[in-house]
Amino acid sequence: ALEGMARSPQHDFGLHPVVIELLQALARECGSTSVWVHDFAGDVEAECYPIARSEHWPSSEIAARAARLALDTVADIVA
């Protein structure tokens with residue numbers, strides 16, 4: 001349902017405001033969630049991709065940090 005909406009509409013990086021709202025709601029409801037951003041260039045089922053790093057974010061900082069989320073980084077978000 002969100003295909004093509006993951007990215008910020010103004011930039012080629014960062015998360016779309018709708019995705020930010022969903023992540024905030026998930027963190028509130030579940031206590032924590034994670035997001036990983038990767039630009040697939042081939043077959044999703046066969047592509048290999050390293051996770052470069054991980055970050056830990058308070059849910060209150062999602063909007064500010066989402067603009068700087070680097071590719072192949074996992075963001076662990078806690079309420």
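- Summarising the geometry, atom CG belonging to Leu26 is positioned 11.0 Å from atom OG belonging to Ser59; distances are rounded to the nearest 0.5 Å.
- In this structure, Trp36 and Asp76 have side chains that are not in contact, with every pair of non-hydrogen atoms separated by 4.5 Å or more.
- Nearest heavy-atom pair across Ala66 and Ile20 is CB-CD1, 3.8 Å.
- Two residues are said to be in side-chain contact when any heavy atoms from C-beta on lie closer than 4.5 Å; Asp72 and Ile51 fail this criterion.
- We find the OG1-CD1 distance between Thr33 and Ile77 to be 6.0 Å, quoted to the nearest 0.5 Å.
- The shortest distance between side-chain heavy atoms of Val74 and Val35 does not fall below 4.5 Å.
- Here the closest non-hydrogen pair linking Ala75 and Leu69 is CB-CD1, 4.2 Å.
- A distance of 8.5 Å separates CD of Glu55 from CZ of Arg68, quoted to the nearest 0.5 Å.
- With sequence neighbours left out, the salt bridge (charged side-chain N to carboxylate O under 4.0 Å, His left out) criterion links Arg28 to no other residue.
- Summarising the geometry, atom OG belonging to Ser34 is positioned 10.5 Å from atom CH2 belonging to Trp57; distances are rounded to the nearest 0.5 Å.
- Listed by first and then second residue, the salt bridge (charged side-chain N to carboxylate O under 4.0 Å, His left out) pairs that reach into residues 14-26 come to none, sequence neighbours excluded.
- By the salt bridge (charged side-chain N to carboxylate O under 4.0 Å, His left out) test, Glu61 pairs with Arg65, sequence neighbours left out.
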